[in-house]
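Okay, so here's the structure we're looking at.
Index from 1, following the sequence.
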Amino acid sequence: MNYPTPVLLLKKSLGLTIFLACFILSSVHGQYDPAKDYYPPSPVPDRIMLSFEGDPAHSQAVSWRTDVTVTKAFGQIMVASSSPDIVGELKEVEATTTLLQSDKNTAHYHALNFTGLSPNTQYAYRVGDKTLWSEWFHFTTASDGEKAFSFLYFGDAQNDLKSRWSRTIRGAFSKMPNANFLLHAGDLINQANNDHEWGEWFYAGGWIFGTMPSIATPGNHEYARTSAGGERILSIHWRPTFALPQNGPEGLEETAYYLDYQNTRIISINSQAFLSSEKDRKAQVTWLEQILTENRQKWTIVTMHHPVYSSAKGRDNKELQEFLQPLFEQHHVDLVLQGHDHTYGRGGNIPIGQRRAVMNGPVYVVSVSGPKMYTNAMEDWMQRAASNTQLYQLIKIDKQTLQFEAYTVTGELYDAFDLVKKSSGKTIFRERADAAIPERLDLPPSYEQRLSKEEMDAFRKQFEAYKKRRED
């Protein structure tokens, strides 16, 4: 249709106005609004999390979230079958329900522990309110004897959880889908009580958390200050999110605890409480000495957030060295898995370059799975280091051998070693890092721009000293 010139000009003007209005609205809509709840609860179960509350061979804990309209919740479980029909005995368990008022919403968190399960058996389960159910998930119980198993270990996730940590956990699961559980070494999120960040963490892990159990130890970012410079309090999300053992010191339930998985004792130390409270430090030292003395498992693994020996400059924790290292050595702890320093470092009492050595103490590992990075210190204790690299680790235990492998987020083998227990009672270390890609130690351009000349000079000096030790 042909319009007169004035009408045509008006039409173009209106069109431009509408276009600009839509552009402005879309721009505003595309910006993050901190006041908005992007992960609201609903009657449908979400944030489904498997964890261990008791014996992994005969029980399995699960927790999840709904909105507050769901006041009674349940879990159903049966031995898994390849048939789509519900076959065999279906067991139903009622959950306990906890109200959680977060900065974004009010929700109900539900938790239960399936007990009386058979060892080394695949089960199917779902959770809901008998009207709205989750999907059916599968998990497999631990063996009640000695059997090979593996797990995935993650250092700090903390930042950009949806956009950049997601590729770490999904890449790890894709590479090792048959791992028996996940281990998170603290700082899962950045702001302890920020529901949006917990929403992103669950978004990244998704259904993986519902089928592969998690073991977690809290970091400093799981603790929120009550006021500026005030006391730190454990995140309101921690205990509703996980169902973990309550066999630690009083007041540190589900943060300091131990778990026996087949032939391995896994111990979580609450390092934030350890470093900030003399009372909690003494309680954990007494408790740790007792459970290490009583330990009859072949392997012993400790996880805590703050490292005994730091992989970043000036961040060693002298209290951990003073009080914990002697216990680790006395009771033959094999491996200590840590976070906090946003770089990678691995070492122990093994001379640089020695491929085979008798261990007199644990191997210490510091790692990072999220995108936040620090400058690597390349200290004397380290046999392998990495800068500016997102990583995940796979640990396999099979009778007398523990295999450790670290992978970059793009799936390349970055570090590897074995620990082998001999009939003499000695543990032998075997280096396997020469099968991995070269060390990533150079600073990216962005680091060079933000570091002062003095800091850059110190880094180069440390870098050259580290290289020389490796070459000697």
Side-chain angles (χ1 to χ4, degrees), residues 20-49 63-70 98-110 154-170 184-209 214 216 218-242 255 272 276 305 339-340 342 368-374 390 409 446 449-450:
L20 289 172
C22 290
F23 176 78
I24 292 168
L25 285 172
S26 66
S27 298
V28 171
H29 179 72
Q31 292 176 351
Y32 170 68
D33 180 359
K36 183 176 178 181
D37 187 358
Y38 291 92
Y39 300 100
S42 78
V44 180
D46 68 359
R47 302 191 183 182
I48 300 171
M49 169 62 65
S63 51
W64 69 99
R65 182 188 75 156
T66 64
D67 67 18
V68 293
T69 65
V70 177
T98 302
L99 180 72
L100 192 150
Q101 176 69 60
S102 76
D103 62 329
K104 291 289 190 295
N105 53 61
T106 304
H108 275 158
Y109 279 74
H110 314 278
F154 301 92
D156 301 33
Q158 191 171 342
N159 305 94
D160 296 321
L161 298 160
K162 178 182 177 181
S163 63
R164 290 193 280 178
W165 183 67
S166 55
R167 66 182 189 143
T168 309
I169 187 168
R170 295 174 190 181
H184 309 274
D187 281 6
L188 284 58
I189 42 73
N190 190 47
Q191 301 176 78
N193 295 326
N194 187 311
D195 188 79
H196 180 86
E197 291 183 11
W198 285 100
E200 286 205 348
W201 190 77
F202 272 98
Y203 185 100
W207 55 265
I208 298 171
F209 292 146
S214 284
N220 53 299
H221 283 270
E222 272 75 57
Y223 276 77
R225 290 197 183 276
T226 54
S227 60
E231 182 185 6
R232 284 182 178 267
I233 302 294
L234 182 67
S235 169
I236 59 174
H237 288 266
W238 187 265
R239 297 194 68 185
T241 294
F242 301 103
T255 64
Q272 178 61 36
S276 59
H305 181 63
H340 190 57
H342 299 268
V368 57
S369 61
K372 180 181 178 182
M373 297 291 164
Y374 292 166
Q390 285 180 262
V409 74
S446 60
Q449 292 169 8
R450 75 183 188 211

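- Side-chain atoms of Ser102 and Trp198, non-hydrogen and from C-beta on, never get closer than 4.5 Å to each other.
- We find the CD-OG distance between Glu200 and Ser166 to be 9.0 Å, quoted to the nearest 0.5 Å.
- The two residues Gln158 and Lys372 make their nearest non-hydrogen contact at NE2-NZ, 3.3 Å.
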Exercise for the section: Applying side-chain contact (heavy atoms from CB on, under 4.5 Å), run through Phe202 and Met49 and close with a yes or a no. Expected result: CA-CA 9 Å; Phe202 272 98; Met49 169 62 65; 3.9 Å; yes
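- Between Leu99 and Val68 the shortest side-chain heavy-atom distance falls below 4.5 Å.
- Enclosure of atom OH in Tyr39 by more than 12 non-hydrogen atoms of other residues, nucleotides or ligands within 6.0 angstrom is indicated.
- Ile208 contributes atom CD1, which lies 13.5 Å from atom CD1 of Ile48 (distance to the nearest 0.5 angstrom).
- Ile189 has its side chain out of reach of Asn194: every pair of non-hydrogen atoms, C-beta onward, lies at least 4.5 Å apart.
- Atom CD1 of Ile233 and atom CG of Asn193 lie 10.0 Å apart (nearest 0.5 Å).
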Handout entry: Chi angles and distances behind the ring-ring contact (aromatic ring centres under 6.0 Å, His included) call for Trp238, Phe242
Key = CA-CA 6 Å; Trp238 187 265; Phe242 301 103; 4.8 Å; yes
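- For the side chain to side chain contact (heavy atoms under 4.5 Å, CB included) with His305, the lone residue among Gln272, His340, Glu222 that qualifies is His340.
- Listed here is the closest heavy atom pair of Pro371 and Ala157: CD-O, 4.0 Å.
- Judged by distance alone, the side chain of Asp187 and the main-chain N or O of His221 form a donor-acceptor pair under 3.5 Å.
- Using a 4.5 Å heavy-atom threshold, the side chains of Arg47 and Tyr109 count as touching.
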Handout entry: Worked check of side-chain contact (heavy atoms from CB on, under 4.5 Å) between Gln191 and Asp103
Key = CA-CA 11 Å; Gln191 301 176 78; Asp103 62 329; over 6 Å; no
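- The closest donor-acceptor contact from the side chain of Thr106 to the backbone of Gln101 lies at 3.5 Å or more, if one exists at all.
- Atoms CG and CG, from Asn105 and Asp195 in turn, are 4.5 Å apart once rounded to the nearest 0.5 Å.
- In this structure, CD in Glu231 is found 10.0 Å from OH in Tyr223, a value given to the nearest 0.5 Å.
- A heavy-atom distance below 4.5 Å is found between the side chains of Phe209 and Ser214.
- Within the 4.5 Å cutoff, the side chain of His110 has heavy atoms near those of the Val70 side chain.
- The OG1 atom of Thr168 sits 4.0 Å away from atom CD of Gln390, with the distance rounded to the nearest 0.5 Å.
- The distance between the ring centers of Trp201 and His237 does not fall below 6.0 angstrom.
- Looking at Ser369, its side chain does come within 3.5 Å of a backbone N or O of Asp156 through a donor-acceptor pair.
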Exercise for the section: Decide yes or no on side-chain contact (heavy atoms from CB on, under 4.5 Å) for Asp33 and Tyr38, but give the supporting numbers first. Expected result: CA-CA 9 Å; Asp33 180 359; Tyr38 291 92; 3.6 Å; yes
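- In this structure, the side chain of Lys36 does not engage the main chain of Lys104 through any donor-acceptor pair within 3.5 Å.
- Checking side-chain atoms of Arg164 against main-chain N and O of Gly370 turns up no donor-acceptor pair under 3.5 Å.
- Judged by distance alone, the side chain of Thr66 and the main-chain N or O of Pro45 form no donor-acceptor pair under 3.5 Å.
- Inter-residue side-chain proximity for Leu188 and Glu197 is flagged as unmet; no heavy-atom pair is nearer than 4.5 Å.
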